[in-house]
Amino acid sequence: MTKEYEKPTETFQPTNEKNTEETSAYAGSLSTTGRLMSYNDQLKESLKRGIHFTEVLDELINTDDKNVLLESVMTLTDYRLDTAYLIFPQQYSRADYYLIFLNRLLQLHQNEQVILQSSDHQNELYHEFPGINMEGYFTFKIDENMREGAYYVDKSTGARLFYINFKRQLIRFNSQALTDLLVVDYSGKFDYKTVKRFEEYLVAIGKYFKEDYGFDVDFNLLDASNNASYQISSADEPREALDKLFIISADAGYMLVAGESGRAVLQLKNKVVVSILRQAEHDDLNNASWVIKVHDEEHKVAWFDILYQYEFIKDWYLDNLTSLAIKSDERFF
């Protein structure tokens, strides 16, 4: 027990049974006994709380039931282990439990690619990805303004790759962070296969949450499904950027052509098609936005892959981010 919670010891002197002070002394003795009993009861409750904590932690570490796994991490991330009567000096943080949970979920899917490491210097757990190693130091960060969820962050750059909220059952990927870290930073340090494996790891996280728990997942520029629409942040037509794409595509041996309804269509290798068009949500033309779409026969190519596989498209996209940047969910990024 820390000194903060220590109470001064009270000393009681014996009294004459017939003394008129007997009643008050006796009452004081009872009062002290009551306080001691109350303290002991509170200490027992604190110990019970600690034991219950270890039982939930056992579930997080050992369970093979995905629902129990989710329930345990939700309990632990909100658990207040310390009480006024008992302080546990060695504890994992809320962010650490998110990391442990991810490893356990990947483990249950036999896809535990990322390595859970412990930093004595930072006094925290972190993820290390093979091939990227210490160039990537991934942790969860709790935003004090949005304490229900957490951001998966590359600590060295501060890039928030995705946001997860267990209670609201959603995951949102951040296009700007994915572009800055995976496309800009990592392209100069690692080969495509290494970065692709890391991208597949991120996609697997979203996929498992969606399939196992019914989470609402926005994969953003990592979404390889043909019905994915990567919404452009700017509401204006990217006419100048399209004119530039027409020129550099021709220089690279490809042809940007006009398709139906004013869309710009770029045919790439292996029957992959990139389209840039104005798309109305639910046929509401007043709320139409410009989007980028990628179509391939096997539903395996995302905008992320296009940026890595075609240097001229990556350069064009990065040079025109003010008019082409893919939009992320503004509630979280």
Side-chain angles (χ1 to χ4, degrees), residues 159-163 170-184 186-187 192 195-196 198-200 202-203 205-207 210 216-242 244-246 248-249 254 256 259-268 270-284 287-333:
R160 300 182 297 176
L161 300 184
F162 66 82
Y163 172 80
L170 61 82
I171 292 179
R172 294 291 184 268
F173 283 90
N174 182 6
S175 66
Q176 180 178 345
L178 293 170
T179 300
D180 290 345
L181 188 65
L182 273 64
V183 179
V184 177
Y186 285 178
S187 65
Y192 172 64
V195 183
K196 179 62 178 176
F198 181 70
E199 182 259 358
E200 289 173 342
L202 295 175
V203 171
I205 291 173
K207 177 183 175 183
K210 187 173 184 177
D216 178 11
V217 181
D218 178 8
F219 292 95
N220 207 279
L221 55 81
L222 306 182
D223 193 343
S225 62
N226 285 346
N227 60 352
S229 295
Y230 314 107
Q231 184 177 348
I232 294 174
S233 297
S234 175
D236 300 327
E237 178 183 7
R239 176 50 52 193
E240 183 177 347
L242 289 176
K244 293 178 180 177
L245 182 60
F246 178 82
I248 63 174
S249 295
Y254 299 94
L256 181 70
E260 298 179 359
S261 304
R263 71 175 61 196
V265 180
L266 184 62
Q267 297 273 354
L268 299 173
N270 302 317
K271 299 182 180 179
V272 175
V273 180
V274 173
S275 301
I276 303 170
L277 64 147
R278 193 164 183 263
Q279 179 173 278
E281 188 172 346
H282 306 301
D283 297 325
D284 184 1
N287 292 318
S289 57
W290 285 90
V291 300
I292 298 174
K293 295 178 69 70
V294 177
H295 183 279
D296 69 294
E297 293 182 346
E298 297 183 353
H299 296 255
K300 290 184 177 180
V301 182
W303 182 237
F304 162 82
D305 299 295
I306 298 296
L307 295 177
Y308 247 95
Q309 294 172 2
Y310 295 90
E311 190 75 21
F312 77 95
I313 296 180
K314 181 183 77 172
D315 292 342
W316 167 76
Y317 179 70
L318 296 179
D319 289 342
N320 294 276
L321 281 176
T322 54
S323 59
L324 294 174
I326 302 301
K327 187 176 183 179
S328 300
D329 194 323
E330 295 175 343
R331 295 174 296 173
F332 310 110
F333 303 107

task: Name the orientation class of the two ring planes belonging to F173 and F219 (parallel below 30°, tilted from 30 to 60°, perpendicular beyond 60°).
output: parallel
message: I'd like to know if the side chain of K293 pairs up with that of S275 as donor and acceptor (distance under 3.5 Å, no hydrogens or angles considered).
response: no
message: Minimum heavy-atom separation for S328 and S175, please, with both atom names.
response: OG-N, 2.8 Å
message: Holding to ring pair (Phe, Tyr, Trp, His ring centres under 6.0 Å), I want the full list of residues that pass it with Y186, two or more places apart in sequence or in another chain.
response: F190
message: Run the side chain to side chain contact (heavy atoms under 4.5 Å, CB included) test against S234 and tell me which residues pass, sequence neighbours left out.
response: I232, D236
task: Check step by step if side chain to side chain contact (heavy atoms under 4.5 Å, CB included) holds for R172 and R331.
output: CA-CA 10 Å; R172 294 291 184 268; R331 295 174 296 173; 3.7 Å; yes
- prompt: Can you name the side chain to side chain contact (heavy atoms under 4.5 Å, CB included) partners of E199, sequence neighbours left out?
  reply: L182, K196, V203, L222, F304
- request: Measure the spacing between CG of D329 and CD of Q231 and express it to the nearest 0.5 Å.
  value: 10.5 Å
- prompt: Is V301 close to N270 at the side-chain level, that is, under 4.5 Å between some pair of heavy atoms?
  reply: no
query: Which pair of non-hydrogen atoms, one from W290 and one from P238, has the smallest distance, and what is that distance?
result: CD2-CD, 3.7 Å
query: Partners of E200 by salt bridge (Lys or Arg N to Asp or Glu O under 4.0 Å), sequence neighbours excluded?
result: none
task: Would you please name every residue forming a ring pair (Phe, Tyr, Trp, His ring centres under 6.0 Å) with Y192, sequence neighbours left out?
output: Y308
query: Quick one: salt bridge (Lys or Arg N to Asp or Glu O under 4.0 Å) partners of R160, sequence neighbours excluded?
result: none
- line: CD of Q279 to CZ of R263, rounded to nearest 0.5 Å, is 8.0 Å
field: salt bridge (charged side-chain N to carboxylate O under 4.0 Å, His left out) partners of residues 312-325, not counting sequence neighbours, each pair once
entry: E311-K314
query: Which heavy-atom pair separates F162 from L202 by the least distance, and what is that distance?
result: CE2-CD2, 4.1 Å
task: Taking the side chain as every heavy atom from C-beta outward, state whether V294 and Y230 have any atom pair closer than 4.5 Å.
output: yes
message: Counting only heavy atoms not in F333 (residues, nucleotides, ligands), do more than 12 fall under 6.0 Å from its CZ?
response: yes
message: Return the CG to NZ distance between L221 and K327, rounded to the nearest 0.5 Å.
response: 15.0 Å
query: Which value, rounded to the nearest 0.5 Å, describes the distance between W316 atom CH2 and L266 atom CG?
result: 8.5 Å
message: Which residues pass the salt bridge (Lys or Arg N to Asp or Glu O under 4.0 Å) test with D296, not counting sequence neighbours?
response: none
statement: Value for CG (D305) from CG (L268), rounded to nearest 0.5 Å, stands at 12.0 Å
- prompt: Under 30°, 30 to 60°, or over 60°: which ring-plane class applies to H299 and H295, parallel, tilted or perpendicular?
  reply: tilted
task: Taking side chain to side chain contact (heavy atoms under 4.5 Å, CB included) as the test, write out the residues that go with K207, two or more places apart.
output: E211
message: If the condition is salt bridge (Lys or Arg N to Asp or Glu O under 4.0 Å), which residues does K210 pass it with, not counting sequence neighbours?
response: none
query: Should we say atom CD of Q176 is surrounded by more than 12 heavy atoms from elsewhere, each under 6.0 Å from it?
result: no
- prompt: Quick one: side-chain hydrogen bond (donor to acceptor under 3.5 Å, both in side chains) partners of T179, sequence neighbours excluded?
  reply: none
field: Which residues share a side chain to side chain contact (heavy atoms under 4.5 Å, CB included) with E240, sequence neighbours left out
entry: K244
Side-chain (N226) to main-chain (E297) donor-acceptor, under 3.5 angstrom: no
message: For F246, is there any backbone N or O sitting under 3.5 Å from a side-chain donor or acceptor partner on S249?
response: no
